[in-house]
Number of protein chains: 2
Amino acid sequence: MSGTTSKSAKSIEKVYDFVVKYIHENAMSPSVRDICAGSGLKSTSSVHAYLKKLDEMGRIEYRPGLRRAIILKNQDQDTDEDRTEDINTDIIKLPCIGKITAGVPILAHETYSDDFFYINRSMIDGALNEDEAFVLKVKGDSMIDAGILDGDYLIVRKQSFCEDRDIIAALIEDEATVKRYGKLNGKPYLFPENEAYAPIPFFGENCRILGKVVGLHRYKIS
Amino acid sequence: MSGTTSKSAKSIEKVYDFVVKYIHENAMSPSVRDICAGSGLKSTSSVHAYLKKLDEMGRIEYRPGLRRAIILKNQDQDTDEDRTEDINTDIIKLPCIGKITAGVPILAHETYSDDFFYINRSMIDGALNEDEAFVLKVKGDSMIDAGILDGDYLIVRKQSFCEDRDIIAALIEDEATVKRYGKLNGKPYLFPENEAYAPIPFFGENCRILGKVVGLHRYKIS
DNA sequence: TGTGTTGTCAAACACTTGTTCGCATTGTCC
DNA sequence: GGACAATGCGAACAAGTGTTTGACAACACA
């Protein structure tokens, strides 16, 4: 293929890929024999040798003697460099706000941002910078008619204003919600996109716009 | 039984807590004897009994016979945090298939891939490798009731089979489409999720499954 | 041609570990 | 007290699994 490395390079990658896949699928390490079955290798000793190599390479951590004890290591050096070269220009990292703590202006500073989302900046209409947006997880079905389902992740551009018919993230009485903004008899309301819910008055002191929804990610298809 | 918190209730919590702690610290399941040491119980059979109970309660998943094979279940916070924790190290690049060229098995080689999508591998159920999936842009509104809108980007895991009720990308007569797979009178059909469309027979020579939809991105919110 | 290296396999071995069984202790209820 | 369940212990067993060893084929190199 790419030079002197032939079969072996292929096998070791197969082993590694399978280990990664298995751990992601099963939430636990495969056994050597599992890897045999998954990688096409027929001898446990071959797999064993590759695991040792992968451990030496630092790609996995491998505890001798223990059963199902392979741990994936962070590929921080190699892969990240490769990635960020391509990515940096076009990928931005957004904090995922899991919980909206009551009353606190969480959005000014990322008070809670262990979780991050990576998105393609250029996909977003009027591209974003990292500190101009955040991600919010949807709870409930009040927006299903807009194609926004329970469990979806919304990319929200921080802004304190919006236009008519925009879908926005807002704070009402310290509770975060996602709805469509609009007016009724001249007064602002938030409209669910689900017949089962009624419009919510959106005026007064405790109403605040967090931002406009500009993107959506979904990873639970059902 | 409900109110009596005696030794047993205490022990089972100790076992559970230790399992959680161990998995977080070591990134792998403890063995029964590890739990003995960590929970204060002195007999493997006691631990074994509690593990069985915890499994029945649905708090852990426990695969009989396998070593170090305890999996933590749906503790929504834990799991979600865990997931997103390793997002950072887990970005993959998928080709975006804009056009489905007639009859050609485009998926084998990425014939058309100017556009790439970057996604968080660990968000996907049963995480993907780069060559195991592709991205497809949705045209039309035949799936709106499933929350899939015109212009959405679908992440499709390549596979040639699927299960009942899966949403899949398929090829019919050289035309790509996304529908829900199911059966009608024992025969396979593709079901649009939109009352305006009728189910499509999905058998015969010119029908082929491209893959299963495992994720969705949307960047036009309206 | 001979030698060494690499990749793989098969089999055997030894240890880790899940599982089961019988028994002791404690507490509850009749 | 006697029956019974709940809890826990310890030991023994059996199965899963990591590790080692030796052998064979393919290939490179001198």
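Here is how names work: the chains are called A, B, and so on, in the same order as the sequence lines, proteins then strands, and each is numbered from 1.
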Could you give the [atom1]-to-[atom2] distance, from [X] to [N], as a whole number of Å?
| X | N | atom1 | atom2 | value |
| --- | --- | --- | --- | --- |
| B/Asp55 | C/dT19 | CG | C1' | 15 Å |
| B/Lys42 | C/dA24 | NZ | P | 18 Å |
| A/Ile35 | C/dC9 | CD1 | C1' | 17 Å |
| A/Ile12 | C/dG7 | CD1 | P | 9 Å |
| A/Ile70 | D/dT17 | CD1 | C1' | 11 Å |

Taking side-chain contact (heavy atoms from CB on, under 4.5 Å) as the test, write out the residues that go with [X], two or more places apart.
| X | answer |
| --- | --- |
| A/Ser45 | A/Ser43 |
| B/Ile209 | B/Cys162, B/Ile168, B/Phe202 |
| B/Arg63 | A/Asn26, A/Met28, B/Glu61, B/Leu66, B/Ala69, B/Ile71 |
| A/Leu41 | A/Ser11, A/Val15, A/Ser39, A/Ser46, A/Val47, A/Tyr50 |

Using only heavy-atom distances, decide whether a donor-acceptor pair under 3.5 angstrom links the side-chain of B/Ser43 to the base of D/dG10.
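Yes.
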Sorted by chain and number, sequence neighbours left out, salt bridge (Lys or Arg N to Asp or Glu O under 4.0 Å) with B/Asp34 holds for B/Arg68
Sorted by chain and residue number, the salt bridge (Lys or Arg N to Asp or Glu O under 4.0 Å) partners of B/Arg67 (sequence neighbours excluded) come out as none
From the list B/Asp152, B/Leu149, B/Asn194, B/Ile167, side-chain contact (heavy atoms from CB on, under 4.5 Å) with B/Met143 holds only for B/Ile167
Flag side-chain contact, heavy atom, 4.5 Å: A/Ile35 against A/Leu51 = yes
Please list, pair by pair, any protein nitrogen or oxygen found under 3.5 Å from a nitrogen or oxygen in nucleotides 21-24 of chain D.
none

The contact string for nucleotides 12-18 of chain C, one letter per nucleotide 5' to 3', using protein heavy atoms under 4.0 Å with B, S and - for base, sugar-phosphate only and none, comes out as ---BBBB
Remember a base hit wins even if backbone is also touched, and classify A/Leu51 as base, sugar-phosphate or nothing at under 4.0 Å, heavy atoms.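 It contacts nothing in the nucleic acid.
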Contacts of A/His48 meeting ring pair (Phe, Tyr, Trp, His ring centres under 6.0 Å) (sequence neighbours excluded), chain-then-number -> none
Respond yes when some side-chain nitrogen or oxygen of B/Lys53 is under 4.0 Å from OP1 or OP2 of D/dA6, and no when none is.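 For D/dA6, neither OP1 nor OP2 has a side-chain N or O of B/Lys53 closer than 4.0 Å.
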